[in-house]
Each structure stands twice: as structure tokens, then as C-alpha cells.
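Accompanying notes for the structure given below.
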Amino acid sequence: MPKITRPAAAKSSSKSKAAKASTAKKSRKPIATKPKTSRDPKKTKPWTPAEVREAFERFRKANPDPKGELEHLNPYTLLVAVVLSAQATDAGVNRATRALFPIADTPQKMLALGEEKLRDYVKTIGLYRTKAKNVIALSEKLIREFGGEVPRTREEIESLPGAGRKTANVVLNMAFGERTMAVDTHVFRVGNRTGLAPGKTPLEVELGLERVIPAEFMLHAHHWLILHGRYTCLARQPRCAVCLINDLCRWPEKTV
Ligand code: SF4
């Protein structure tokens, strides 16, 4: 039986209930497109390259090898986990996939399991009916068009049912070591609050972060920022007093 990758345990943030949505495609959690700050981004002093480097050197020193928290066995199960995690927590997805992945870790095995049984495994996850349908459809497409393997380009991954830009960025980064920046609700908040990469949409923040973060940090930058947002720069009560970058952060409401 294959061994499930279980990244270092960390507490999950508050659970978000599945909101109404017509599709499970795109983001894992709904991203508020209005940053929670009273600051006018145009008046925020941009970070200098030296400040950005300093921030990421601190992240690296504190956590040299950050890991994502979605458990998976291989690129295929990572792809499925990301698709299942739209508008759900990683912890909730992991609880469901711990039983699923040992018996369905390839597209062929997933199709053999079938949509109905798959639904039983994932029924604790929000939007599970749509997601189960997508997982079956993407498995069929992987077999039909990609030899049963997860493709390695953004366009190809985005062409799969249930997969959007962020899914592609997570898979390219975690499965194939590409220097991509997946923007979830945490990265979106941190990019805006800190002033590192203000933007009204996840794509703006993604491109802004790619512009300012030195290449040597890009492989892990996505995880450092997610973990920073999940455990320190919390949405309601950011823990500024213990924040590694509180002297660099531009948020006018920071509490230090
Ligand atoms: S100082 Fe506060 S607001 Fe700024 S990044 Fe740190 S936790 Fe977030």
C-alpha cells in the first residue's frame, strides 16, 4: 500500500463553510477581493529590494524547507487533493483522502472506483458532488489525452475539469518544483496587508509577488506566505507582536 505524504502537522485555521458556487473550479477558498485594510495602496511606500530579501531570508531561516499541508502520494493525488480543496480546508480534505488515496492513486484506479463510491469518500467536503464529477472527468481526460500522467504545463493542467490557475500553480510547484506563486486567501491577504504586492485580484497579487521576490526564494515563497497568513497574519487578529516581519510590514493597522 503506498505511503501517504503527511507534511509536518500544523493547526488548521478556522473552517470556512462551503458557500454557494456553481463550480468547484478556481480557488480552494473564496478570496475576498477587497483587502481588509484602510490604506490607499497608491500611498504605500513600496518595499525596497533589500527589504524583500530581508523578509524572505527571515522566513527561510525560521523554516528552511516549508511544506504544503495537503496530503498526497504522487502528482495525480496532489492534483485531486487540490481540486477537492476548493472552498474547503486542507485538514478537511486530508481526513477524506486518507482513506481514498490508498485505493485510488492513479486515474485508472479512480475510474475503477467510480463516481458513486468516490462521492461516499468525499461527502464530508463541501461541493462534493461537483468535485467528484470533476475528479472522474479529469481522470478520464488524463488517460485519454495525457497517457494517464499529470501534464507539466499550466495550460494543460488548467484544461482539466475542476482545475484553475491556482490548481496549476500548486501542482507545478509542489509536484514538479516550478517557481510558481499560487495565491489563496492567505497569500492574497498577506500580499495586500504587508504592501509586498497589493492587488485587487489574485492574479494581480500573483504577478506582483513574482515581480518582487528574488528567484532564489520563489520555490518556497508560496508556502512561506501561506503559512505566514494561516498562523501569524490571521484575517481577524493578526499576531503582529510575534510576526517575523513586523518592522518591514506596511500595514497601518499593525499592532506593533
Ligand atoms: S505585522 Fe501584523 S499585519 Fe503585518 S505581516 Fe505581520 S502579522 Fe501581518
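Just follow the structure's listing: the first ligand is 1, and inside any ligand the first atom is 1. Counting begins at 1 with the first residue of the sequence.
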### Task
Could you please give the number of protein N/O/S atoms within less than 2.8 Å of atom 6 (Fe) of ligand 1?
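Every protein N, O or S atom under 2.8 Å from atom 6 (Fe) of ligand 1 counted, the figure is 1.
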### Query
Would you say the ring centroid of Phe101 lies under 6.0 angstrom from that of His72?
no
### Query
Quick one: do Lys61 and Glu57 make a salt bridge, cutoff under 4.0 Å?
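So Lys61 does not pair with Glu57 through a salt bridge.
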### Whichever hydrophobic residues join Leu207 through chains of side-chain contacts under 4.5 Å
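In the cluster with Leu207 are Leu203.
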### Query
Would Arg154 and Glu178 count as a salt bridge (charged side-chain N to carboxylate O under 4.0 Å, His left out) if you check the C-alpha gap in whole Å, the side-chain angles of each, and the deciding distance to 0.1 Å?
CA-CA 11 Å; Arg154 175 192 305 288; Glu178 303 257 351; over 6 Å; no
#### Entry: Arg60: partners by salt bridge (Lys or Arg N to Asp or Glu O under 4.0 Å), with sequence neighbours left out
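With sequence neighbours excluded, Arg60 shows a salt bridge (Lys or Arg N to Asp or Glu O under 4.0 Å) to Glu216, given in chain and number order.
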#### Entry: Contacts of type side chain to side chain donor-acceptor pair (under 3.5 Å), residue Arg239, not counting sequence neighbours
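By the side chain to side chain donor-acceptor pair (under 3.5 Å) rule, Arg239 matches no residue at all.
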